[in-house]
Amino acid sequence: QLQLVESGGGLVQPGGSLRLSCAASGFTSDDYVIGWFRQAPGKEREGVSCISNSDGSTSDADSVKGRFTISRDNAKNTVYLRMNNLKPEDTAVYYCAARYPGRGVQACLRSRLWYNGWGQGTQVTVSS
C-alpha cells in the first residue's frame, strides 16, 4: 500500500524559501514517479514538479522554473521540493503524488489522474 507524507509547509515572506519533503513508502520496485501538485482556493490542482525515481529525470512547470528544484534521497525514500524566491501566488496546499509503477516524466504534470497515490497535503502561505 502506497503511503505519502508531506511536511515542511508554513508561512514565509515574499522572496523567502521553504523546503517541502515527501516521505514515500509501499513501493516494491524502483520504477515510480513522484510529483508535486498545488491547489489554491478556488483553483484547479496544478502540477508543479516531478521526478522519476528510476533515472532522476525531472520536469517543472513554467511558473516555477528557475525557482523550484525537485530532488530525491533514495536512502531515505524521500523527495524534496526546494522553493526559492517565493511569491504570493505560490500560496496553496501542496501535495505529493505517486505513479506506481511509472518511469518517464513526459506526462507527469498534465493531469492529477495520472497518479494513483496522494499525500494529505501541506499548506504554504507566502505573505508579508
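Please read these numbers as outputs of a predicted model, since none were measured by experiment. Side chains included, hydrogens not; waters and symmetry mates left out as well; all remaining heavy atoms used.
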Practice problem: Starting at NZ of Lys76, measure out to OG of Ser21 and round the result to the nearest 0.5 Å. | Solution: 9.0 Å
Quiz item: What's the verdict on side-chain contact (heavy atoms from CB on, under 4.5 Å) for Glu6 and Gln120, showing C-alpha distance, side-chain angles and the deciding distance?
Solution: CA-CA 7 Å; Glu6 304 98 331; Gln120 81 288 351; 2.8 Å; yes
Self-check item: Pairs satisfying ring-ring contact (aromatic ring centres under 6.0 Å, His included), at least one member in residues 37-61, at least two apart
Solution: Phe37-Tyr115, Phe37-Trp118
Exercise. Say whether Asp55 and Ser57, considering side chains only, have a donor N or O and an acceptor N or O under 3.5 Å apart.
Key: yes
Exercise. Supply the atom-to-atom distance Leu113 CG to Arg99 CZ, rounded to the nearest 0.5 angstrom.
Key: 11.0 Å
Quiz item: To the nearest 0.5 Å, what is the distance between OG (Ser25) and CD (Gln1)?
Solution: 8.5 Å
Quiz item: Within a strict 4.5 Å, meaning less than it, do heavy atoms of the Pro88 and Pro14 side chains meet?
Solution: yes
Quiz item: Are the side chain of Arg72 and the backbone of Asn53 linked by a donor-acceptor contact shorter than 3.5 Å?
Solution: yes
Practice problem: Show the numbers, then the answer: is there a side-chain contact (heavy atoms from CB on, under 4.5 Å) between Arg82 and Ser17? | Solution: CA-CA 7 Å; Arg82 178 68 180 182; Ser17 298; 3.6 Å; yes
Quiz item: With a cutoff of under 4.5 Å between side-chain heavy atoms, which Ile, Leu, Val, Met, Phe, Trp and Tyr residues group with Val12?
Solution: Leu2, Leu4, Leu18, Leu20, Phe27, Tyr32, Ile34, Trp36, Val48, Ile51, Val64, Phe68, Ile70, Val79, Leu81, Met83, Leu86, Tyr94, Tyr100, Val124, Val126
Quiz item: Are Asp30 and Ser54 close enough that a side-chain donor and a side-chain acceptor fall under 3.5 Å?
Solution: no
Quiz item: Hey, what do you get for CG (Asn84) to CZ (Arg67), rounding to the nearest 0.5 Å?
Solution: 9.0 Å
Quiz prompt | side-chain contact (heavy atoms from CB on, under 4.5 Å) assessment of Glu46 paired with Arg112 | solution = CA-CA 8 Å; Glu46 63 173 352; Arg112 59 186 291 183; over 6 Å; no
Self-check item: Heavy-atom pair with the smallest gap, counting every atom of Ser49 and Asp60
Solution: OG-OD1, 2.7 Å
Exercise. Might you point out which heavy atoms bring Thr78 and Ala23 nearest each other, and give the distance in Å?
Key: OG1-CA, 4.1 Å
Quiz item: Any idea which heavy atoms bring Val33 and Cys108 closest together, and the distance?
Solution: CG1-CB, 4.2 Å
Quiz item: Do you know the tightest heavy-atom contact between Val93 and Gly121?
Solution: CG1-CA, 3.9 Å
Quiz item: With a cut-off of 6.0 Å (strictly less than), are more than 12 heavy atoms of other residues, nucleotides or ligands near CD of Glu89?
Solution: yes
Quiz item: Hey, are Lys65 and Asp62 close enough for a salt bridge, meaning a charged N less than 4.0 Å from a carboxylate O?
Solution: yes
Quiz item: Ignoring hydrogens and geometry, is there a side-chain-to-backbone donor-acceptor pair from Thr91 to Thr125 under 3.5 Å?
Solution: no
Practice problem: Apply the test side-chain contact (heavy atoms from CB on, under 4.5 Å) to residues Ser63 and Arg38: give CA-CA distance (whole Å), side-chain angles for both, the deciding distance (0.1 Å), then the verdict. | Solution: CA-CA 12 Å; Ser63 58; Arg38 65 185 181 186; 3.6 Å; yes
